[in-house]
Amino acid sequence: MKRIAIGLLSGMLILAACRQVPAGDGPSRTAPPVITIQSATETPSPTPISTSVPTETPIPSITPLPTIPTFTPTFDASTIVTVTPAQPAACPKENPAIIAEFATPDAYGSYQLYNVSEILTYLNSGGTLTQLTTSPLGSLADSKTIDLTGDGVNELTYKGYVTFDILGCKDGKYQSLFNFVGDWEARLEDTPDLNKNGIPELILYDITHYGSALFYIFEWNGMEFRSRIDMGEEDWDLSSSPGEIMDANGDALKEIVVVYDVNKFCGGLGNPCDGTPARKQTTTLAWNGRNYVVRAQDSDAPQYRFQAIQDGDLQARYGYYSEALSFYQATIFDDRLEWWSPEREEYERRTYWAQYDPTPTVYPTAILDSTEYPRLATYAYYRIMLLHIVQGHESDAGTVYKTLQQKFGNDPYGHPYVEMATAFWNAYQSTHKMYDGCAAGIQYASEHPEILIPLGSDYHGWQSPIYVPADVCPFR
């Protein structure tokens, strides 16, 4: 069973395991927010460059890359196939005269506790769904009868204390067709038909004891209720509300838009804040013909240079190349972006928690890490080169590659990224296949894992992904 929980583990939502990005210009989106971050570090300036493309010695062998699942950024609503309704299920004959024992109040007007087993016993003895959903039976007042399987026969949704059940007819009697055990209190949010296939979805949310909400979508597949959310992971963080369902791109299908702002929960129960960088995130799930998958994820404008890198990589992974280019250019040229380092992480964390001490301690301000800029700027040039190649602009890619060599070829901190770019370029030039170039770049990163640390690691805060070699080239 898959679930989406967008919030306390939102670092996972960066999807560190890379995904396939389709060739071409990518789907159209609005431009990213203008970066207006204070605190300057240094002001890099562009250097005049030659447009000639260097010729290098090809690399003879390439290590095969793992297969990456395909994501379709847009879905053609005209291809929707309506599910053929099943034969109506046979149910026990109803007898309105039968009254459930737990439906009768005692002398004080209170009702007995009841469970799914008791409800099934009542229904299978001839009890009616109508009586259950119209009597004041505590949480049964939140239940509803609706045809969730498409056979023309209603099922009963029942919310227990931490469980949620769907009771329906099968093999001539009422059974539990679906049992969901929540973390705290599972509730029914809605039963729309988001994907327009004739079968309503069951949308649940479950408030956790930390005040967050977990969001779920289930749908009948002809045999059972299955999750329709495919995130590539089991758990995802959500906001304290179940999210908004809307047609965000005008394709007649609803998307799920979830906004999570961790800063609203700072200092509260289960305080998720610790002084390290954390931003509001917006995640959009879209129907790809089989499941709801992540179509886009956006965060507030980056404050730190490493965040611009991560935002660029994320947008490139989903095929939004113009947005990715903007973030990479900001990494190189925006002197308002702040620096980050393990020392600064320790300083910011200590300073944050000091506010809760009876006698706060003042810690020495961390010293600027001058090695971060050449590392991230060189990597940004490398990723811009990849963007040009994946869009078929090889001449522009060669120009960027030349610039990268001229600016950082002799820089001790940027040089490893120049070597990775060269490994990619040589392999790509030998075959003109993106796959081969990426294989060489990833192989270099595997042999030099230290180059991944400045991009995203433990010291970048809990919201940051931990980079792995495959992240340096997500194209296939």
Side-chain angles (χ1 to χ4, degrees), residues 9-16 32-33 35-44 261-263 266 272-281 297-316 324 326-355 362-383 408 411-417 420 445 448-468 471-472:
L9 300 176
S10 56
M12 294 166 55
L13 201 52
I14 299 299
L15 299 178
I35 301 174
T36 56
I37 305 301
Q38 57 183 343
S39 180
T41 53
E42 50 187 303
T43 308
D261 187 358
V262 63
N263 297 294
C266 290
C273 305
D274 61 1
T276 58
R279 296 179 288 167
K280 181 174 71 175
Q281 295 179 320
Q297 185 184 11
D298 301 281
S299 299
D300 281 348
Q303 178 181 355
Y304 300 96
R305 185 162 277 109
F306 81 85
Q307 290 176 329
I309 282 290
Q310 294 180 0
D311 288 351
D313 287 354
L314 186 64
Q315 299 306 324
S326 296
F327 285 121
Y328 294 141
Q329 290 174 332
T331 300
I332 299 168
F333 301 114
D334 193 337
D335 62 353
R336 294 166 295 180
L337 291 175
E338 299 181 39
W339 58 277
W340 192 256
S341 69
E343 291 72 24
R344 182 162 185 178
E345 185 265 351
E346 182 178 8
Y347 166 77
E348 297 290 352
R349 192 187 298 274
R350 287 175 175 268
T351 300
Y352 179 84
W353 291 114
Q355 67 180 310
V362 177
Y363 296 95
T365 302
I367 300 174
L368 182 148
D369 180 5
S370 60
T371 71
E372 184 196 44
Y373 175 78
R375 291 187 172 110
L376 298 188
T378 311
Y379 177 78
Y381 273 116
Y382 158 75
R383 291 302 296 251
F408 297 103
D411 185 284
Y413 306 108
H415 185 70
Y417 302 93
M420 180 172 65
H448 304 82
E450 67 278 1
I451 71 172
L452 302 173
I453 296 176
L455 308 178
S457 56
D458 290 335
Y459 73 83
H460 289 93
W462 62 265
Q463 206 176 52
S464 169
I466 304 299
Y467 269 61
V468 297
D471 293 331
V472 303

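Phe333 and Tyr381 have perpendicular rings, their planes meeting at more than 60° on a 0 to 90° scale where under 30° would count as parallel.
In this structure, Leu455 and His460 approach most closely via the heavy-atom pair C-CE1, 4.3 Å. Contact record, Arg349 with Asp274: NH1-OD2, 2.6 Å, taken as the closest heavy-atom pair. Nearest heavy-atom pair, Pro277 versus Tyr304, reported as atom, atom and distance to 0.1 Å: CG-CE1, 3.5 Å. Counting all heavy atoms, side chain and backbone alike, Leu337 lies closest to Ala308 at CD1-CB, 3.9 Å. Pairing each heavy atom of Ala278 with each of Asn263, the nearest pair is O-ND2, 3.5 Å. Nearest heavy-atom pair, Tyr328 versus Ile309, reported as atom, atom and distance to 0.1 Å: CE2-O, 4.0 Å.
Checking side-chain atoms of Gln355 against main-chain N and O of Tyr352 turns up a donor-acceptor pair under 3.5 Å. Although no hydrogens or angles enter the test, the distance criterion places a donor-acceptor pair under 3.5 Å between the side chain of Tyr373 and the main chain of Ile332. For Gln281 (side chain) and Gln297 (main-chain N/O), no donor-acceptor pair under 3.5 Å exists by modelled atom type. Between the side chain of Arg344 and the backbone N or O of Trp339, at least one donor-acceptor pair lies under 3.5 Å.
The shortest side-chain heavy-atom distance between Cys273 and Val262 falls under the 4.5 Å cut-off. A 4.5 Å side-chain heavy-atom check between Tyr413 and Thr378 finds every atom pair outside the cut-off. Side-chain contact between Glu372 and Phe306: present, with at least one pair of heavy atoms (C-beta onward) separated by less than 4.5 Å.
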Between Met420 and His448, is the side-chain contact (heavy atoms from CB on, under 4.5 Å) condition met? List the steps. CA-CA 9 Å; Met420 180 172 65; His448 304 82; over 6 Å; no
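Side-chain polar atoms of Asp313 and Tyr379 form a donor-acceptor pair below 3.5 angstrom. Counted by atom type alone, Gln310 and Ser464 present one or more donor-acceptor pairs between their side chains at under 3.5 Å.
The side chain to side chain donor-acceptor pair (under 3.5 Å) check on Thr371 picks up Asp369, Arg375, with sequence neighbours excluded.
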